[in-house]
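Naming: A, B, ... by sequence-line order, numbering from 1 per chain.
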Amino acid sequence: MVRVRFAPSPTGYLHLGNARTALFNYIFAKHNNGKLVLRIEDTDRERSKKEYEDMLIDDLKWLGVEWDEGVDKGGEFAPYRQSERTEIYKEYIEKLKQSGHIYKCYCTPEELEEERKKALAEKRPPRYSGKCRNLTEEERKKLEAEGRSYVWRFRVPDGETIIFEDLIKGIVEINVNEFGDFVIVRSDGSPVYNFVVVIDDALMKITHVIRGEDHLSNTPKQILIYRALNFEVPKFAHLPIILGEDKSKLSKRHGAVSVRAFRDEGYLSEAMFNGLALLGWHPKEDNEVLSKEEIIKEFKIEDIHNAPAVFDRAKLRWLNSVYIREKLDLDDLTKRAIPFFKKFGYFGDYEYYKKVLDVIRDSLEVLNDIKDRAYPFFIEDYSIEEGLEFIQSETGKEVIKRFYEKIKDRENIDRNDFKKITKEIQKELKVKGKNLFMPIRVALTGKTSGVDLSLLVEVIGKEKTLKRLERILNIV
RNA sequence: GCCCCCGUCGUCUAGCCAGGCCUAGGACACCGGCCUUUCACGCCGGCGACACGGGUUCGAAUCCCGUCGGGGGCACCA
């Protein structure tokens, strides 16, 4: 049984990079009929906040990532919040003490900093010297008498090369001398990430650890801990990270990078899911617009491209537009779009929103585009922003007048009526093309571009159309 | 500085492991055309890459070595 986990630390909104990690874990789990565990890594009390946890969960659900066990739903291996697992960690720290894998280190941060600088100056890798590694009982007593606090360090076997097979990177070899004896328990008694992550993954029977490439160099430390505790070492897969336009790790500097921000801008979760999956992974067929189910079906973790990927906003926008105009049915789209209409102060009933969307959906990339594309359906006191000359010219005015006269006494006006009427005006006044339509367009919308006029008129109806024309006729 | 990972169009990538089918395929973006009252959509076309240098080989994007470049990591953060 495949078991994977997504283990974010609740320090802010769900970041795109984390979202993608969660996504790949989910896809991998589902592809293999396995389980996904949501664990919260809140051992860093400084930065972790409970409300972030709820946001994280909310964003994950919105994205379409579903887990089988976790903080909010419990499970066989609860608790799933690290801050609630301290007793468990103590137990395993105790084991490491018994087996002699860890030892007390009394060095102060200042001393360590000193060593570090010295090492750097001598161009040696800045790692712990192992000074307290073989302290005698007496020396220890003495240091403790001085009132020194201590941390527990892991006794790293000198010179060993840790070799593991990464599902994405292939064989990775790292010599442990790179890092030296590392801290397992802080001076305040709290265990450190590299330790708890191993305990949790092992106890939760995680079979595949799929995470960001930034964890690659931590992996040997963790393997050492697995071995020391006689735990089975899981398989690892390190995802290449996501880069910003400038090719550095995607961060807040690159603008909106939380999935929340994309959601607020009017990206659809399906497009987000699809787009994130396409960062580093590619379907065998060339069709890139794929549903969650299709992605899950086709996904192979070995197929993940192993070079870091620059996040492509333009492509995500395009993908989103495909979902808006082709993938969602009108009712579904309407439901999702309503909050956006309201946000922009465009009020109407469900049916009206639906009609508007039917005619503008082809021009939307994100739901926020509703602001610009839908205003002619809602705003009556618009100003003439461009094309003033079309309504000021003699023929322009005449076109508008005739148009007004011809619809004044009608019951209503639909798209076909509009075409008939403009055809009549064309014959009567001998104007066509731009000179025929622009005056009407500018009069009705205040702009020289936008929706098809026959559709606009049909949707807003006769009354509004007349009112708008009257207003313009009075101005010019 | 040291270690690790990586290097195909501007971007995401296919191809690389099992060398010839690659005058390197697709998608986004961009440019041009068509459709059209405008915008958008759609359709057609164009531009555009194997980082560089050595090998190995009849033949290399594919294998080997080096260089350069990019990224990540080197915490009592996760």
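Looking at the side chain of Leu112(A), the nearest of the listed nucleotides rA40(B), rU38(B), rC76(B) is rC76(B). Checking rA78(B), rG71(B), rC76(B) against the side-chain heavy atoms of Glu213(A) singles out rG71(B) as nearest. Across rU11(B), rG73(B), rC4(B), the shortest atom-to-atom separation from the side chain of Asp214(A) is found for rG73(B). Of the candidate nucleotides rC12(B), rC28(B), rU38(B), rC28(B) has the atom nearest to the side chain of Ala314(A). Side chain of Asn306(A), nearest nucleotide from rG73(B), rA29(B), rC6(B): rC6(B). The side chain of Ile174(A) lies closest to rC4(B) when the candidates are rC4(B), rG73(B), rC12(B). When distances run from any side-chain atom of Leu279(A) to the nucleotides rC16(B), rC76(B), rC12(B), the shortest one goes to rC12(B). Distance from the side chain of Ser248(A) is smallest for rG71(B) among the nucleotides rC6(B), rG71(B), rC2(B). Across rC76(B), rC6(B), rG26(B), the shortest atom-to-atom separation from the side chain of Lys315(A) is found for rG26(B). Side-chain proximity of Lys249(A) to rC76(B), rU11(B), rG72(B): nearest is rG72(B).
The aromatic ring of Trp318(A) is not stacked on the base of rC28(B), since the criterion of ring centres less than 5.5 Å apart with planes inclined by under 30° is not met. Once the 5.5 Å centre distance and the 30° plane angle are applied, the aromatic ring of His215(A) is found stacked with the base of rA78(B).
Between Ser449(A) and Leu243(A), the residue whose closest nucleotide on RNA chain B is further toward the 5' end is Ser449(A). Map Asn287(A) and Asp452(A) each onto its nearest nucleotide of RNA chain B; the residue landing nearer the 5' end is Asn287(A).
Among the protein residues, Glu173(A) comes within range of the sugar-phosphate backbone only, with heavy atoms under 4.0 Å from sugar or phosphate atoms but none that close to a base. As judged by a 4.0 angstrom heavy-atom cut-off over every strand, Phe179(A) is placed among residues making no nucleic acid contact. Residue contacts shown for Ile440(A) are absent, as no nucleic acid heavy atom lies under 4.0 Å away. Residue-level contact check: Pro8(A) touches neither bases nor backbone, having no heavy atom under 4.0 Å from any strand. The residue Val151(A) sits close to a base: some heavy atom pair falls under 4.0 Å. Backbone-only engagement by Lys284(A) is indicated by non-hydrogen atom pairs under 4.0 Å involving sugar-phosphate atoms exclusively. Counting non-hydrogen atoms under 4.0 angstrom, Gly280(A) reaches the backbone sugars and phosphates but no base. Across all strands, Leu278(A) comes closer than 4.0 Å only to sugar-phosphate atoms, never to a base (heavy-atom distances). Ser363(A) comes within 4.0 angstrom of sugar-phosphate atoms only, judged by non-hydrogen atoms across all strands, and of no base. Contacts of Asn175(A) with the nucleic acid, taken as non-hydrogen atoms under 4.0 Å apart, are absent.
Checked by atom type, the side-chain pair Glu386(A)/Thr448(A) shows a donor-acceptor distance below 3.5 Å. For the residue pair Asn194(A) and Gln222(A), a side-chain donor N or O sits within less than 3.5 Å of a side-chain acceptor on the partner. Under the 3.5 Å distance criterion, with hydrogens and angles disregarded, no donor-acceptor pair is assigned to the side chains of Tyr80(A) and Asp200(A).
Only the P atoms considered, rG32(B) is 15 Å distant from rC47(B), to the nearest whole Å. Nucleotides rG53(B) and rC68(B) place their P atoms 15 Å apart, quoted to the nearest Å. The same atom, P, is picked in rG69(B) and in rC52(B); the two are 15 Å apart, to the nearest Å. Rounded to the nearest Å, the gap between the C1' atom of rC30(B) and that of rG48(B) is 10 Å. Comparing the P positions of rC43(B) and rC28(B) gives a spacing of 9 Å, expressed to the nearest Å. Only the P atoms considered, rU8(B) is 15 Å distant from rA61(B), to the nearest whole Å. Atom P of rC9(B) sits at a distance of 14 Å from the matching atom of rA24(B), rounded to the whole Å. Rounded to the nearest Å, the gap between the P atom of rC22(B) and that of rU36(B) is 39 Å.
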Chi angles and distances behind the salt bridge (Lys or Arg N to Asp or Glu O under 4.0 Å) call for Arg415(A), Asp452(A):
CA-CA 10 Å; Arg415(A) 64 188 76 176; Asp452(A) 185 287; over 6 Å; no
For Glu265(A) and Arg317(A), what are the C-alpha separation, side-chain angles and deciding distance, and is it a salt bridge (Lys or Arg N to Asp or Glu O under 4.0 Å)?
CA-CA 11 Å; Glu265(A) 210 180 317; Arg317(A) 277 186 88 83; 3.6 Å; yes
Glu146(A) and Arg148(A): salt bridge (Lys or Arg N to Asp or Glu O under 4.0 Å), yes or no, with the steps?
CA-CA 6 Å; Glu146(A) 284 175 24; Arg148(A) 288 210 186 204; 3.2 Å; yes
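Salt-bridge check for Glu213(A) with Lys169(A): passed, with a basic side-chain N closer than 4.0 Å to an acidic carboxylate O. A salt bridge links Glu398(A) with Arg402(A): the distance from a Lys NZ or Arg NE/NH1/NH2 to an Asp or Glu carboxylate oxygen falls below 4.0 Å.
A donor-acceptor contact under 3.5 angstrom links the side-chain atoms of Glu288(A) to the base of rG26(B). Looking at Ser187(A), its side chain comes within 3.5 Å of the base of rC76(B) through a donor and an acceptor atom. At a cut-off of 3.5 angstrom, the base of rC41(B) holds no donor-acceptor pair with the side chain of Arg361(A).
Ring centroid separation for the pair Phe378(A) and Phe344(A) does not come in under the 6.0 Å cut-off. Between His215(A) and Tyr193(A), the gap from one ring centroid to the other is short of 6.0 Å.
For rG1(B), the paired nucleotide is rC74(B), the pair qualifying as Watson-Crick or G-U wobble because both relevant distances are below 3.5 Å. Pair assignment for rU36(B): none, as no Watson-Crick or G-U wobble contacts are both less than 3.5 Å. Nucleotide rC28(B): paired with rG10(B) (Watson-Crick or G-U wobble, both distances less than 3.5 Å). Within the shown strands, rA51(B) is the pairing partner of rU67(B) under the Watson-Crick or G-U definition, both distances less than 3.5 Å.
Between the C1' atom of rA78(B) and the CD1 atom of Ile225(A) lies a distance of 14 Å, rounded to the nearest Å. Rounded to whole Å, atom P of rA51(B) lies 12 Å from atom NZ of Lys247(A). Atoms CG (Leu364(A)) and P (rG42(B)) sit 13 Å apart, rounded to a whole Å.
Within the 4.0 Å cut-off from OP1 or OP2 of rG15(B), not a single side-chain nitrogen or oxygen of His282(A) is found. Distances shorter than 4.0 Å separate none of the side-chain N or O atoms of Lys434(A) from OP1 or OP2 on rU36(B). Taking only side-chain nitrogens and oxygens, Arg325(A) comes nearer than 4.0 Å to OP1 or OP2 of rG42(B). Using a 4.0 Å cut-off, no side-chain N or O of Lys419(A) falls inside it from OP1 or OP2 of rU37(B).
Taking 4.5 Å as the limit, some side-chain heavy atom of Asn274(A) sits within range of a side-chain heavy atom of Tyr323(A).
RNA chain B lies under 4.0 Å from no heavy atom of any residue of residues 391-407 of chain A.
For Lys464(A), the NZ atom sits in a packed shell: over 12 heavy atoms of surrounding residues, nucleotides or ligands are nearer than 6.0 Å.
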